[in-house]
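Heads up: the structure comes next, in C-alpha cells.
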Amino acid sequence: MPWFAIYTRPKNEKKVVEGLERIGVEVYCPMVKQIKQWSDRKKQVEIPLINSYVFVNIEEKKRNIVFEVTGVVRYLFWLGKPAIIKDLEIEALKENLKGILSAVEVNGIQPGDSLIISKGPFQGKEGVVSQVDKNKIRLVLKELGFLITISKEIE
C-alpha cells in the first residue's frame with residue numbers, strides 16, 4: 001500500500017492521528033520535542049515536524065475513509081494526482097528523527113546565505129536563510145521546498 005500525505009486543519013495533527021487510528025488506518029505524524037516557555041514555567045512538548053500534515057498508508061480504493069475524521073482537509077496532490085510517498089522516504093524520516101535536535105546560536109548569518117544542516121532530522125540538507133532573529137533562523141530547504149525554523153533552546 002502506498003503512503004499519502006493529508007493536509008489537516010492547523011494544530012489538529014494529533015487529533016487526526018488519533019481519529020485515523022480509531023478507524024484502523026495506519027498513520028504517521030513525525031513529532032519533535034521542543035521546550036516551550038510560559039511566564040511561569042518551562043515545559044517540554046511534542047510538536048509536529050511538518051505543520052498541518054500527516055501521512056497515511058492506505059489502499060487507493062479506500063482513500064475517502066479518511067474524511068470521516070474531523071480535522072482532515074484534503075490530500076496533497078502532485079501533478080493532478082494524489083502525491084505518493086515511498087516507503088523508503090517514510091522509513092528515512094523515522095530513522096532521522098531518532099537523532100537529537102541541537103540548539104543553535106545565531107551569529108554572523110545573513111538572509112540569502114546558504115547553509116548545510118549538520119545535525120538533526122534534516123542533517124546534510126542544504127537550505128537558504130530567509131530570516132534571522134536573535135536565536136532563530138528561518139531556512140528554506142532547497143531539496144524539499146520546506147520552510148523550517150531552527151531555534152536556540154531556552155536555558
Side-chain angles (χ1 to χ4, degrees), residues 1-38 42-104 111 114-131 133 136-154:
M1 290 186 292
W3 285 90
F4 297 98
I6 294 179
Y7 183 72
T8 68
R9 289 184 189 151
K11 307 221 185 278
N12 272 240
E13 301 90 351
K14 289 181 183 178
K15 290 177 188 172
V16 167
V17 167
E18 290 170 6
L20 290 170
E21 286 174 341
R22 254 194 314 276
I23 62 172
V25 175
E26 183 181 356
V27 62
Y28 176 59
C29 181
M31 305 292 277
V32 293
K33 292 180 180 167
Q34 186 178 61
I35 296 175
K36 294 274 187 175
Q37 182 168 356
W38 288 269
K42 292 182 211 178
K43 185 176 181 181
Q44 185 172 337
V45 295
E46 270 195 335
I47 61 169
L49 177 65
I50 307 168
N51 291 334
S52 296
Y53 284 96
V54 298
F55 302 102
V56 293
N57 191 4
I58 194 167
E59 293 178 36
E60 179 80 31
K61 63 184 177 188
K62 293 183 178 179
R63 281 190 319 112
N64 286 338
I65 196 171
V66 301
F67 294 108
E68 294 176 9
V69 176
T70 303
V72 172
V73 176
R74 62 180 170 84
Y75 279 96
L76 179 67
F77 281 76
W78 177 256
L79 299 175
K81 297 179 183 176
I84 294 176
I85 294 95
K86 298 175 187 166
D87 286 335
L88 182 68
E89 294 168 326
I90 296 292
E91 291 305 317
L93 189 56
K94 287 178 181 179
E95 186 64 31
N96 285 332
L97 283 177
K98 289 180 183 175
I100 298 170
L101 294 178
S102 300
V104 296
S114 185
L115 294 176
I116 296 177
I117 299 173
S118 60
K119 293 182 181 177
F122 297 110
Q123 181 176 353
K125 302 287 185 213
E126 185 177 354
V128 176
V129 177
S130 67
Q131 181 181 345
D133 295 326
K136 287 185 189 174
I137 302 172
R138 294 201 111 182
L139 191 66
V140 177
L141 297 181
K142 289 181 179 181
E143 187 176 311
L144 302 172
F146 288 160
L147 176 66
I148 64 169
T149 301
I150 301 172
S151 61
K152 181 179 179 186
E153 285 184 13
I154 301 166

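Starting from 1, each residue takes its place in the sequence as its number. Basis for what follows: all heavy atoms, side chains included, without hydrogens, waters or symmetry-related copies.
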Distance-only check: which donor-acceptor pairs under 3.5 Å involve side-chain atoms of residues 62-82, not counting sequence neighbours?
{"residue": "R63", "atom": "NE", "partner": "E60", "partner atom": "OE2", "Å": "3.2"}
{"residue": "Y75", "atom": "OH", "partner": "R63", "partner atom": "O", "Å": "2.7"}

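- With rounding to the nearest 0.5 Å, the separation of CD1 in I50 from OH in Y7 is 13.0 Å.
- By the side-chain contact (heavy atoms from CB on, under 4.5 Å) test, D87 is found to be paired with W3, residues two or more places apart in sequence or in another chain being considered.
- Taking CG from N57 and CD1 from I90, the interatomic distance works out to 8.5 Å, rounded to the nearest 0.5 Å.
- Note that CG of L49 is 6.0 Å distant from CG of L93, once rounded to the nearest 0.5 Å.
- Closest approach of E59 to M1, counting heavy atoms only: CG-SD, 3.4 Å.
- Contact check for F55 versus F4: no side-chain heavy atoms found under the 4.5 Å cut-off.
- By the side-chain contact (heavy atoms from CB on, under 4.5 Å) test, K11 pairs with no residue at all, sequence neighbours left out.
- Between E46 and K14, the shortest heavy-atom distance links the atoms O-NZ, 3.0 Å.
- Between L139 and G127 the shortest heavy-atom distance is CD1-C, 3.6 Å.
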Begin from the C-alpha positions of I58 and L20 and carry the test side-chain contact (heavy atoms from CB on, under 4.5 Å) through to its verdict.
-> CA-CA 11 Å; I58 194 167; L20 290 170; over 6 Å; no

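- A donor-acceptor distance shorter than 3.5 angstrom exists from the side chain of E13 to the backbone of S52, with no hydrogens or angles considered.
- Smallest separation of non-hydrogen atoms from P2 and I84: CB-CG2, 3.8 Å.
- If you take OH on Y53 and CD1 on I6, they are separated by 11.5 Å, rounding to the nearest 0.5 Å.
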